Amino acid sequence: MSFPLLTATAALPAVGAIATAAVPAAQRTAAKWLALLFSLATLALAATVAVRFDPDGDRYQLTESHAWIKDFGVRYELGVDGIAVALVALTALLIPFIILAGWHDADPLETGSKRWRPTQGFFALILAVEAMVILSFEATDVFLFYIFFEAMLIPMYFLIGGFGDRAHEHGEQAAATQRSYAAVKFLLYNLVGGLIMLAAVIGLYVVAGNFSLAEIAEARANGTLDMATNTERWLFLGFFFAFAVKAPLWPLHTWLPNAMQESTAPVAVLITAVVDKVGTFAMLRFCLQLFPEASKWATPVILVLAVISIIYGALLAVGQRDIKRLVAYASISHFGFIILGIFAMTSQGQSGATLYMVNHGISTAALMLVAGFLISRRGSRLIADYGGVQKVAPVLAGTFLIGGLATLSLPGLAPFVSEFLVLVGAFARYPAIGIIATFGIVLAALYTLVLYQRTMTGPVKPEVSAMPDLRVRELVVVAPLVVLLIFLGVYPKPVTDIVNPAVQQTLSDVHKKDPRPEVEAAK
């Protein structure tokens with residue numbers, strides 16, 4: 001039997017979570033290093049998955065399949081296509097930076113605190129989320145996917161509610177209340193989506209007789225499984241609703257600003273750069289592949305919702321006073337672009353959407369983690385409490401600027417390529433939608449540059465006059481992300497070569513081809 005590489009990639013952070021939680025309470029530093037080592041080992045396995053994956057080979061590779069619950073046709077089935085490989089690599093890449101950035105975020109508030117292993121619990125929960133997210137990307141059994149899609153809510157709930165941001169203008173008691181509210185709101189929204197999806201999963205089993213993604217898709221393609229039109233549409237809506245909550249898509253987005261505002265910066269990155277990607281990934285893997293006709297039927301409405309997300313998120317970002325809420329609304333706008341690319345049903349749009357998932361993860365991590373370093377120094381999330389930071393901490397200001405420019409998709413930085421492909425794909429089939437979506441770029445420039453101007457330029461405020469620049473640990477976190485933003489901005493080919501074949505197969509699932517240009521090229 002070949003080595004179960006996919007299982008190992010997900011199991012290693014799970015084992016790391018258990019080992020980290022078991023470290024004695026007094027050994028906080030040992031727990032941090034142990035969590036970091038497990039995350040780096042997981043990154044090495046994810047790199048091995050990427051190296052062993054052949055873009056020109058079978059659709060799902062490195063597959064594993066074992067009987068699990070025979071009476072209900074549930075199997076432990078794993079496999080990765082190019083899209084999953086890219087997102088597994090993104091997840092494994094970001095977790096070590098999240099751990100390093102949050103190195104002191106779970107230290108006791110007072111010397112000699114008796115709280116139960118706060119540090120060990122914090123890092124163990126991060127590794128647990130990593131394990132569940134990776135398994136969600138790898139699962140090719142619908143029921144197996146559903147279990148980890150829902151299970152990741154539990155550690156995220158405790159990360160938001162139990163280890164929230166300490167920078168709160170109304171004191172610790174108010175902060176605890178707000179953290180609790182944000183955590184409960186996050187959990188309720190996603191649980192409702194998950195319960196609706198569970199009904200759809202059961203309905204799919206009734207119709208198809210099993211949960212295997214590959215078998216159901218093959219049966220749909222060769223005509224041996226013929227779903228009634230209304231049945232397919234209801235099942236599609238059950239799946240899509242859960243994924244739209246997770247993504248999040250307007251109007252199911254309202255949990256995200258609260259969750260990101262009340263979380264520590266590393267946990268905010270975990271939410272929007274890692275966990276939320278499961279929603280958009282699942283739209284590609286499950287909605288389009290299992291319900292192709294229903295996906296085409298719902299496309300006009302979904303495109304309208306995506307454009308609303310783009311404009312609405314960007315407009316609200318412009319008016320924010322809180323740095324973290326600004327980044328949250330910017331992310332809602334960016335997820336609108338991703339969903340627009342998915343449902344444009346063109347190769348450029350879907351390639352751009354997949355690339356956008358990767359690039360958004362890197363750019364949001366860079367911007368939010370630097371913002372977290374800034375907030376930890378000043379003790380405030382409010383934009384108005386800053387000014388002139390670039391004169392006292394030029395490296396911090398410079399990396400903050402690069403993260404912000406990546407967020408507005410400046411040419412030469414990674415998100416530009418993906419946003420350009422999404423808009424090209426949208427223009428090709430839905431010109432009006434593409435034109436409206438373009439206004440999101442203008443608004444992105446506005447909220448990003450205004451944020452930088454108000455925090456980094458102008459007279460130096462007395463409260464930031466003694467602010468230290470980035471330390472070595474913080475530079476180790478930020479520098480590789482900046483390098484990746486530049487590298488993928490000028491040379492995205494390593495990612496596009498992996499994802500493009502999977503995108504073509506997804507388009508084939510929904511029986512779509514790229515539209516022909518209205519004006520033929522001159523010969």
Side-chain angles (χ1 to χ4, degrees), residues 156 160 182 185-186 188-190 193 240-263 265 267-283 301-343 352-353 356-368 371 381 383 403-404 406-409 415 418-419 422-423 426 433 436-448 450-451:
M156 285 307 309
I160 297 168
K185 189 174 184 179
F186 162 81
L188 288 179
Y189 267 70
N190 284 275
F240 181 80
F241 183 86
F243 303 153
V245 172
K246 184 83 78 179
L249 177 68
W250 183 92
L252 305 171
H253 67 283
T254 60
W255 63 267
L256 182 63
N258 295 100
M260 289 186 66
Q261 179 184 19
E262 299 304 328
S263 299
V267 173
V269 172
L270 188 65
I271 295 169
T272 191
V274 177
V275 172
D276 286 355
K277 297 301 187 300
V278 178
T280 47
F281 163 80
M283 292 178 190
V301 174
I302 295 172
L303 291 179
V304 170
L305 295 178
V307 169
I308 292 174
S309 286
I310 292 169
I311 304 301
Y312 173 86
L315 281 172
L316 264 66
V318 172
Q320 292 304 308
R321 299 185 303 115
D322 184 297
I323 296 173
K324 289 184 177 180
R325 287 184 73 89
L326 187 151
V327 178
Y329 280 110
S331 291
I332 291 168
S333 181
H334 296 150
F335 276 104
F337 276 109
I338 294 171
I339 295 170
L340 173 63
I342 292 171
F343 284 90
Y356 212 140
M357 292 186 225
V358 175
N359 293 338
H360 172 263
I362 299 170
S363 63
T364 299
L367 179 61
M368 180 57 84
R381 302 189 302 249
I383 296 171
T407 298
L408 64 83
S409 299
S418 42
E419 198 163 282
V422 166
L423 290 173
I433 292 289
I436 298 172
T438 304
F439 285 99
I441 302 175
V442 179
L443 293 171
L446 180 60
Y447 63 68
T448 299
V450 168
L451 171 65

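Fair warning: this is a prediction, and the values are worked out from it, not measured in the lab.
Separating the CG atom in Asn359 from the NE2 atom in His334 is a distance of 11.0 Å, to the nearest 0.5 Å. We find the CG-NE2 distance between Leu305 and His253 to be 12.0 Å, quoted to the nearest 0.5 Å. Distance check: Leu256 CG to Gln261 CD gives 11.0 Å after rounding to the nearest 0.5 Å. Here Leu315 contributes atom CG and Ile308 contributes atom CD1; the two are 12.0 Å apart, rounded to the nearest 0.5 Å. In this structure, the separation between CG on Leu340 and CG on Leu423 is 7.0 Å, given to the nearest 0.5 Å. Taken from CG in Leu326 to CZ in Arg381, the straight-line distance is 13.0 Å, to the nearest 0.5 Å.
Residues Met368 and Lys324 have side chains in contact (heavy-atom distance under 4.5 Å, counting atoms from C-beta outward). A 4.5 Å side-chain heavy-atom check between Ile338 and Val422 finds every atom pair outside the cut-off. Using a 4.5 Å cut-off on side-chain heavy atoms (C-beta onward), Ile441 and Thr438 make contact. By the 4.5 Å heavy-atom criterion applied to side chains, Phe335 and Thr280 are counted as neighbours. The closest side-chain heavy-atom distance from Ile339 to Ile302 is below 4.5 Å. With contacts defined as side-chain heavy-atom distances shorter than 4.5 Å, the pair Thr407/Pro415 does not qualify. At a threshold of 4.5 Å between non-hydrogen side-chain atoms, the residues Phe240 and Leu249 count as touching.
Between Ser263 and Ile271, the shortest heavy-atom distance links the atoms OG-CD1, 3.7 Å. The two atoms that bring Ser418 and Gly352 nearest to each other are CB-O, 3.4 Å, heavy atoms only. Contact record, Thr448 with Gly404: CG2-O, 3.1 Å, taken as the closest heavy-atom pair. The heavy-atom pair separating Ile383 from Gln320 by the smallest distance is CD1-O, 3.5 Å. Taking all atoms of both residues into account, the shortest heavy-atom contact from Thr272 to Asp276 is CA-OD2, 3.6 Å. For the residue pair Tyr329 and Pro257, the shortest heavy atom distance occurs at CZ-CG, 3.6 Å.
In terms of modelled atom types and a separation under 3.5 Å, the side chain of Lys246 and the main chain of Phe241 share no donor-acceptor contact. Between the side chain of Trp255 and the main chain of Val245, a donor-acceptor pair closer than 3.5 Å is present.
Defined by atom type and a distance below 3.5 Å, a donor-acceptor pair is present between the side-chain atoms of Thr254 and Tyr189.
Phe281 meets the ring pair (Phe, Tyr, Trp, His ring centres under 6.0 Å) test with Phe137; sequence neighbours excluded.
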| said: side-chain contact (heavy atoms from CB on, under 4.5 Å), that's the test. Do Phe439 and Ile311 meet it? Break it down for me. | reply: CA-CA 7 Å; Phe439 285 99; Ile311 304 301; 3.9 Å; yes
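Two rings, from His360 and Phe337, have their centers 6.0 Å or more apart.
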